[in-house]
Protein chains: 2
Amino acid sequence: MNVTIYDVARESGVSMATVSRVVNNNPNVKPQTRKKVYEAIERLGYRPNAVARGLASKKTTTVGVVIPDISNAIFAEVARGIEDIANMYHYNIILCNADKKKEKEIRVINTLLEKQVDGLLFMGGKVTEEHVHAFQTANVPIVLCATTSEQEPIPFVDINHEAAAFDAVTALIVRGHRSIAMISGPMDDPSNGLARLQGYRRALETAGIAFDDKYVRIGNYRYETGNDLMPYFLTMHPRPTAVFAANDEMGIGAIHAIQDAGLNVPGDISVIGIDNTRMASMVRPQLSTVAQPMYDIGAVSMRLLTKLMNKEVVSQSRVVLAHELIVRNSVKANT
Amino acid sequence: MNVTIYDVARESGVSMATVSRVVNNNPNVKPQTRKKVYEAIERLGYRPNAVARGLASKKTTTVGVVIPDISNAIFAEVARGIEDIANMYHYNIILCNADKKKEKEIRVINTLLEKQVDGLLFMGGKVTEEHVHAFQTANVPIVLCATTSEQEPIPFVDINHEAAAFDAVTALIVRGHRSIAMISGPMDDPSNGLARLQGYRRALETAGIAFDDKYVRIGNYRYETGNDLMPYFLTMHPRPTAVFAANDEMGIGAIHAIQDAGLNVPGDISVIGIDNTRMASMVRPQLSTVAQPMYDIGAVSMRLLTKLMNKEVVSQSRVVLAHELIVRNSVKANT
DNA sequence: GTTTTCATTGTATACGATTTCACATCAATT
DNA sequence: AATTGATGTGAAATCGTATACAATGAAAAC
């Protein structure tokens, strides 16, 4: 039915080993023979079977990518970075959404390992012992991507979420704000949730401002939560003069809630977010934020993985990328 | 090194055939034997090799997905729909960005076929003869996803872009607008570009309004183009009372350009887009739009593909999903 | 003229599963 | 007691490639 390397061998009058050499660009083939084989390949429309190749060579040129949710702009950006670099090194990616659900994560990790991926890029929620166990039974390299783990010295690429939050809040403080509210993410999320709250807290304390949990409300990273939680802060006395949202979407929700209440951003209240999604510059006023280099996180982690798969020595297997404060006109000095 | 089915057979005192039966849930195994084998699997930490299985069974339970750009919210949404249904039917997906570039598309199609995917979901730009040829040499089913082709009767799932544009423009016309500008996509894009322009044109002509290409400007679907092209319309005499943007992002760009010029939306100019991305309801005023069921397009096309891979008879292999007009407050009647 | 060397090619096996077919066992039927 | 049928199991072929090793032939060295 399908044309195999054997058919090509017969058609071109050589052995299958020679065809294999031609297909794999092995230099030990006489140019004339090579030409004959190429012609036979063309004539027969031969397409090498990567599955058979994978079985024989024990390499699939495929990497597994576990991602929370590809329809989330942040992760989609990471995914694009991953795929671009993967493509550059001739790898394909098998993508699995796991929604930061532990059991789903474990399941897809095992599926990917069964598929004999050459490496694994894991982007998820908390890394538990069960995760680590699954990683250990794998005999391929693993890189954590935008995901941190206290557990084991697993290679990872991420930003410093605590510091990013610290910088965002400090940007408000240096502009004279003392009463700063926070719309946080859920605490069970180690990086985006807890770490950002800690950064907020440290910034306040560094500036000698007492932390008060009445000024913190917990959302779920969606526009609607920002929009719904903001009115609570508006009724407070004293009313906060600035709001730090743990991500841009909630920040934008907050801006609109403030505007809907007849107040002005940044006139009455300044707002800052984190992420620097496209949306941040697509609202009025444009949202100040701390840029996370999501594309780069994907690209760098994939690059790191290629090195590990290639058994190269890597100087840095735990890399923290720089974030960047971007002040736009949703923030002004508090006078 | 790695534990194989043969090791499990020895460990449990049966043949590899029996182990295979146990692993594949073949009912013809004595419960007692099954138990022995399961124990050996557990003890040895056996993980079936899907590559070997794929070679032997000629099935990989993997489908290829060609997508223009996963970092684009629209396509990411489709991808999520695809992956959810794929997951439901125990398929994995290999994802390839091809940026609607023909040669890149052809290349990844061939790579995916080499990897022996059980089916292919193609989402791209124009489907050329070269594409069709590549599809024909594949002996696995193919479904076009949010992509139309005049060429051949290839199964597809999409919406009617022409009608969606028609409905958007008609929504403006019935509200008394006669002077309606359009910010279009590039004409080399058959569905989002050309089809939407045609819908715009038909809506005008149906209402007895002359089409005038001075009222059409071509953008690239980005916020910036909407923002940059809008001022041109603002200087026209007579100034259009409404703008139809070929997608939401350009529509939002237009809104902000109008606002930046000191005019009011919808007071002075109404704006409508297409897509219904999250952003549409995250701007003020909220953008009216025609909703495209992107998630469903992905889900339905994957479901269709599973049927084809399973050799089921499908009644409808060319499905057009319904779009929906959503009028928000970026549109008001022209008095 | 014989021996070495080197480039090129072929043979045979491994990769780790699925699957066909044959066989053995045992209960049910005649 | 012989036949049938169902059930459970194993031996061996097969999937399509890579690759170690052997073999070949021609050119180079002696």
So does [X] get a side-chain nitrogen or oxygen closer than 4.0 Å to the phosphate oxygens (OP1/OP2) of [N]?
X       : N      : answer
B:Ser15 : D:dG10 : yes
B:Lys58 : C:dT19 : no
A:Ser20 : D:dT19 : no
B:Thr4  : C:dG16 : no

Does B:Gly125 offer a backbone N or O that forms a donor-acceptor pair with the side chain of B:Lys102 under 3.5 Å?
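No.
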Distance-only, no hydrogens or angles: does the A:Asp118 side chain make a donor-acceptor pair with backbone N or O of A:Thr61 under 3.5 Å?
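Looks like yes, one N/O pair under 3.5 Å.
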Figure out the [atom1]/[atom2] separation between [X] and [N], and round it to whole Å.
X       : N      : atom1 : atom2 : value
B:Lys30 : D:dA6  : NZ    : P     : 19 Å
B:Asp7  : C:dG16 : CG    : P     : 9 Å
A:Arg21 : C:dT8  : CZ    : C1'   : 8 Å

Nearest to the side chain of [X], heavy atoms from C-beta on, is which of [options]?
X       : options                : result
B:Asn28 : D:dA18, D:dG16, D:dT9  : D:dT9
B:Thr18 : C:dT9, D:dT9, C:dC15   : D:dT9
A:Ser57 : D:dG8, D:dA18, C:dG16  : D:dA18
A:Arg53 : D:dA20, D:dA18, C:dG16 : D:dA18
B:Ala56 : C:dG16, D:dG16, D:dG8  : C:dG16
B:Asn24 : C:dT18, C:dG10, D:dC15 : C:dT18

Touch check for A:Val29, heavy atoms < 4.0 angstrom, all strands: base, sugar-phosphate only, or nothing?
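A:Val29: backbone/sugar contact only, no base atoms under 4.0 Å.
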Just checking A:Glu312: does its CD atom have more than 12 heavy atoms from other residues, nucleotides or ligands closer to it than 6.0 angstrom?
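Yes, because the 6.0 Å sphere around CD of A:Glu312 holds more than 12 heavy atoms from other groups.
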NZ (B:Lys126) with more than 12 external heavy atoms under 6.0 Å
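Result for NZ/B:Lys126: open.
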Can you say whether a donor on the side chain of A:Arg47 sits under 3.5 Å from an acceptor on the base of D:dG16, or the other way round?
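Answer is no: no donor-acceptor pair is held.
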Residue met sooner reading DNA chain D from 5', once B:Ala17 and A:Ala17 are mapped to nucleotides:
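With B:Ala17 and A:Ala17 compared, the 5'-side residue is B:Ala17.
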Taking for each residue the nucleotide of DNA chain D bearing the nearest heavy atom, is the 5' side occupied by B:Pro27 or by A:Tyr46?
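Nearest-nucleotide comparison on DNA chain D picks B:Pro27.
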